[in-house]
Amino acid sequence: MELSELEKIRLKKVFELRAGGIEPYPTRANRTHTSQEAIAAFEAAEKQADPAPVEVTLAGRLRAIRPMGKVVFAHIEDGAGRIQLFFRVNELGEDQLRHFTEYFDLGDFIEAFGVMFRTRTGEVTLHVHRFRMLAKAISPLPAAKDEVVDGQIIRHATLSDPELRYRQRYADLAVNPEVREIFRKRAAIVRALREFLDERGFLEVETPILQPIYGGAAARPFITYHNQLKQQLYLRISFELYLKRLLVGGYERVYEIGRDFRNEGVSFKHNPEFTQLEFYMAYADYLKVMSLTEEMLAYVCDRVLGTRQVTFNGHVIDFNPPWRRISLREALIEAVGIDIAQHPTTESLAEAMRQKGLAVKPNAPRGKLIEGMLGDFVEPNLIQPTFIYDYPRDISPLAKNKPDDPNTVERFEGYVGGMELCNAFTELNDPLEQEKRFLEMGRTYEAEDEDRHPMDEDYLRAMAYGMPPNGGFGMGVDRLVMLLTDRRSIREVILFPHLREREDD
RNA sequence: GGGCGUGUAGCUCAACAGGCAGAGCAGUGGCCUUUUAAGCCAUUGGUUCAGGGUUCGAAUCCCUGCACGCUCACCA
């Protein structure tokens with residue numbers, strides 16, 4: 001580890017403390033109160049006629065030090081917030097006060113025992129009688145100063161370099177409280193999703209991440225290898241095929257929240273590993289799932305934010321059910337003036353697109369062309385929660401046909417804030433039809449196409465035992481967190497987002 | 001992968017049109033017994049992302065590379 005001049009000075013203090021018989025990293029701490037507990041205890045005592053002194057031992061990280069000769073003010077930060085410490089020569093003596101100013105730096109963890117009081121300016125503060133080092137920091141935290149105005153912390157020269165923030169998330173979290181708040185909210189969101197599903201009789205399960213055959217979505221997988229079994233394995237790109245096997249097994253409602261891995265490009269809404277929620281519900285269809293989706297997101301908003309009006313990217317998004325519902329066909333007529341029902345073949349659709357001056361991707365099947373127009377012309381405008389429903393069969397090999405239309409499947413996608421948030425369908429449960437679809441996919445796409453769905457014989461075998469009709473649902477949890485925390489980049493809601501490897505790391 | 005942009009002290013940023021690389025905060029030394037971006041005096045600190053080129057002279061202009069951001073393509 002290369003040390004800066006600043007770090008060398010601090011390291012020297014570590015050695016000097018040890019030489020003086022003081023352990024700079026003691027084994028145990030003796031905190032009695034958090035910052036907020038101490039303040040609450042003092043304020044409660046203040047209200048009494050003849051209050052006893054409130055003695056506490058606090059612990060936390062030094063975030064501000066203001067020496068004023070024979071007294072020193074400091075602020076420490078702990079998990080609950082901030083609190084001021086007051087050091088005075090009268091109680092501590094010259095030696096101890098000097099010990100503090102010489103050996104304690106910003107970023108150090110300190111333990112302080114004393115009596116709570118209120119300063120002239122009215123701030124509830126710990127009058128320190130004893131203190132000791134809990135953990136000496138060698139490296140300075142990458143932030144300059146905080147100012148507290150009316151209880152609000154204003155940070156001057158805040159850590160803002162995105163690279164440093166993501167690579168050294170610990171430093172980002174240490175100095176940016178609002179970043180800590182994002183991940184508290186993220187935990188609350190996931191908790192609310194679980195509560196919602198648990199309350200409705202869903203069973204949470206865990207299915208393989210290492211899979212011999214990947215499937216359930218259109219994406220390139222990460223490939224790995226099991227040495228002893230001499231077997232190639234894939235990191236899952238979805239949970240779908242395993243969760244539906246469980247319906248064959250007799251569970252009627254299952255869900256999983258976990259990580260998917262897709263070997264694709266990264267962007268503001270894509271990370272190579274991301275968190276997905278999928279659930280499957282026997283005897284439901286996609287309309288039922290649509291309603292449940294509305295209910296679930298409203299529930300999450302209520303639990304996490306206390307409101308269903310969410311500000312995202314300058315828009316106020318209203319999660320109150322019902323969401324706008326529009327068929328894919330109508331949405332495309334509206335957005336690009338092409339009626340896909342009038343163009344049942346790839347060639348006919350491609351021709352219509354050319355007439356509108358749209359680029360047509362060569363060799364793309366009909367469904368991909370439709371999907372392309374959806375992404376280009378519809379998705380960015382879907383700010384308020386919207387369900388787009390009824391998708392082309394050829395891009396939805398696991399979804400069931402509409403009874404009266406063999407080219408269209410019962411599928412919907414939920415869009416919010418201009419992003420696709422979730423995807424769901426009435427699940428295909430006819431094993432013969434499913435086999436046909438797998439074979440179709442193999443024919444429609446080139447062998448190397450990432451959208452090719454590999455044949456999963458075991459999945460077909462499972463379905464052959466009988467799978468109840470069911471509705472399935474998948475949602476990008478990271479994107480939901482983006483929406484509910486008003487973050488425009490997925491990297492802001494993933495603690496350690498993927499970054500290119502650096503040589504000097 | 002393509003396009004645009006950014007990279008300067010520990011942190012946040014300056015440095016015009018090529019002419020001695022700077023400020024605030026942090027650090028260090030000193031003064032200061034109710035401050036809160038404390039203040040005052042003094043002071044340390046640089047491979048200007050890396051490598052090459054043009055020039056009497058490069059943080060600045062050119063080339064290559066690296067990283068990050070935005071964006072396009074693919075995907076949730």
Side-chain angles (χ1 to χ4, degrees), chain A residues 3-10 63-75 82 84-92 97 102 105-107 117-123 125 127 138-149 153-167 171 175 216-220 237-238 260-278 359 361 364 368 371-372 375-376 379 413-415 419-423 449-451 474-480 482 488-491 497 499-505:
Chain A
L3 292 186
S4 67
E5 286 305 310
L6 220 135
E7 291 168 321
K8 283 175 188 159
I9 290 166
R10 289 182 173 212
R63 293 308 312 277
I65 302 174
R66 294 180 295 279
M68 302 189 55
K70 298 286 192 280
V71 301
V72 177
F73 288 92
H75 271 94
R82 282 182 172 238
Q84 182 166 256
L85 305 184
F86 178 58
F87 300 79
R88 196 169 66 163
V89 69
N90 308 41
E91 292 77 31
L92 295 168
L97 195 66
E102 275 188 11
D105 295 297
L106 293 179
F117 78 115
R118 202 178 272 277
T119 62
R120 243 178 239 170
T121 53
E123 181 164 350
T125 299
H127 196 140
I138 307 295
S139 302
L141 286 170
K145 287 216 159 177
D146 290 351
E147 178 185 12
V148 180
V149 177
I153 295 169
I154 300 171
R155 216 153 315 106
H156 300 272
T158 179
L159 172 65
S160 61
D161 175 13
E163 182 177 356
L164 192 64
R165 287 191 47 228
Y166 299 144
R167 281 193 198 285
V175 301
R220 262 186 311 228
I237 59 171
S238 87
D260 272 344
F261 306 85
R262 297 189 183 175
N263 208 337
E264 311 275 353
V266 299
S267 82
F268 75 97
K269 52 179 174 173
H270 297 93
N271 195 61
E273 53 182 295
F274 63 101
T275 299
Q276 177 110 292
L277 160 68
E278 287 190 24
K361 207 180 149 197
K368 292 296 283 184
E371 208 172 36
D376 289 346
E379 175 172 357
E413 292 183 318
Y415 289 85
M419 284 189 298
E420 182 187 338
L421 179 65
C422 57
N423 180 21
D449 193 301
E450 66 202 39
D451 289 340
M475 177 173 71
V477 173
D478 311 279
R479 289 186 180 177
L480 179 62
M482 287 169 67
R488 244 112 356 128
S489 167
I490 198 168
R491 290 182 166 183
L499 297 178
R500 214 172 295 252
E501 194 173 17
R502 288 193 63 152
E503 285 180 16
D504 57 339
D505 264 5

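Residue numbers start from 1 in every chain, and the chains themselves are labelled A, B, ... in the order their sequence lines are given, proteins ahead of strands.
Summarising the geometry, the separation between CG on A:Leu6 and C1' on B:rC25 is reported as 12 Å, rounded to the nearest angstrom. Taking atom NZ on A:Lys8 and atom P on B:rG45, their separation rounds to 13 Å, with Å as the unit. Taking atom CZ on A:Arg220 and atom C1' on B:rC74, their separation rounds to 7 Å, with Å as the unit. Distance CZ (A:Arg63) to P (B:rA37): 15 Å, rounded to an integer number of Å. One atom, CD1 of A:Ile490, and another, P of B:rC70, lie 12 Å apart when rounded to the nearest Å. Here B:rG1 presents its C1' atom at 14 Å from CG of A:Asn263, a figure rounded to the nearest Å. Distance A:Leu106 CG to B:rA37 P: 15 Å, rounded to the nearest Å. A:Lys269 places its NZ atom 10 Å from the P atom of B:rA73, with the value rounded to the nearest Å.
Using the Watson-Crick or G-U wobble rule with both distances under 3.5 Å, B:rU60 pairs with nothing in any strand shown. In this entry B:rC32 has no Watson-Crick or G-U wobble partner, no candidate having both defining distances under 3.5 Å. With a cut-off of 3.5 Å on both pairing distances, B:rU8 has no Watson-Crick or G-U wobble partner at all. Using Watson-Crick or G-U wobble geometry with both donor-acceptor distances under 3.5 Å, B:rG18 finds no partner in any strand shown. Applying the Watson-Crick and G-U wobble criteria (two distances, each under 3.5 Å), B:rG46 pairs with nothing in any strand. Judged by Watson-Crick or G-U wobble contacts below 3.5 Å, the nucleotide B:rC70 has B:rG3 as its partner.
Separating the C1' atom of B:rG7 from that of B:rA14 is a span of 15 Å, rounded to the nearest Å. A gap of 15 Å separates the C1' atoms of B:rU44 and B:rG22, to the nearest Å. Taking atom P in both B:rA17 and B:rG53, the straight-line distance is 27 Å, to the nearest Å. Using atom P as the reference point in both B:rC49 and B:rC11, the two lie 13 Å apart (nearest Å). B:rG3 and B:rA9 have their P atoms separated by 28 Å, given to the nearest Å. Between B:rG19 and B:rG65, the two P atoms lie 28 Å apart (nearest whole Å). One P atom belongs to B:rG10, the other to B:rG5, and the distance between them is 28 Å to the nearest Å. Rounded to whole Å, the separation between the C1' atoms of B:rC70 and B:rC25 comes to 30 Å.
Remark: A:Glu273 engages A:Arg259 in a side chain to side chain donor-acceptor pair (under 3.5 Å) (not counting sequence neighbours). With sequence neighbours left out, the side chain to side chain donor-acceptor pair (under 3.5 Å) criterion links A:Ser489 to no other residue. Among residues two or more places apart in sequence or in another chain, the side chain to side chain donor-acceptor pair (under 3.5 Å) test is passed with A:Asn423 by A:Arg411. Every residue meeting the side chain to side chain contact (heavy atoms under 4.5 Å, CB included) condition with A:Ile9, not counting sequence neighbours, appears here in chain and number order: A:Lys13. Legend: residues meeting side chain to side chain donor-acceptor pair (under 3.5 Å) with A:Arg118, ordered by chain and number and at least two apart, are A:Glu46.
In this structure, A:Glu371 pairs ionically with A:Lys368, as a charged nitrogen and a carboxylate oxygen lie closer than 4.0 Å. Residues A:Glu379 and A:Lys269 are paired through a salt bridge, judged by an N-O separation under 4.0 Å between the basic side chain and the carboxylate.
Not a single donor-acceptor pair under 3.5 Å links the side chain of A:Asp260 to the backbone N or O of A:Gln276.
Nucleic acid contact class of A:Asn271 (heavy atoms, under 4.0 Å, all strands): base.
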**Request:** Give the intermediate values and the outcome of ring pair (Phe, Tyr, Trp, His ring centres under 6.0 Å) for residues A:Phe86 and A:Phe117.
**Result:** CA-CA 10 Å; A:Phe86 178 58; A:Phe117 78 115; 5.6 Å; yes
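Map A:Phe274 and A:Ser489 each onto its nearest nucleotide of RNA chain B; the residue landing nearer the 5' end is A:Ser489.
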Produce the list of close N/O pairs, under 3.5 Å, pairing protein atoms with atoms of nucleotides 28-35 of chain B; give distances to one decimal.
unit_1, atom_1, unit_2, atom_2, d
B:rU28, OP1, A:Lys13, NZ, 3.2
B:rC32, N3, A:Gly69, N, 3.0
B:rC32, N4, A:Gly69, N, 3.4
B:rU33, OP2, A:Lys70, N, 3.3
B:rU33, N3, A:Asn90, OD1, 2.9
B:rU33, O4, A:Asn90, OD1, 3.4
B:rU34, O2', A:Arg120, NE, 3.0
B:rU34, O2', A:Arg120, NH1, 3.1
B:rU34, O2, A:Arg120, N, 2.9
B:rU35, O2, A:Arg66, NE, 2.9
B:rU35, O2, A:Arg66, NH2, 2.9
B:rU35, O2, A:Gln84, OE1, 3.3
B:rU35, N3, A:Gln84, OE1, 2.9
B:rU35, N3, A:Gln84, NE2, 3.1
B:rU35, O4, A:Gln84, NE2, 2.8
B:rU35, O4, A:Thr119, OG1, 2.8
B:rU35, O4, A:Thr121, OG1, 3.2

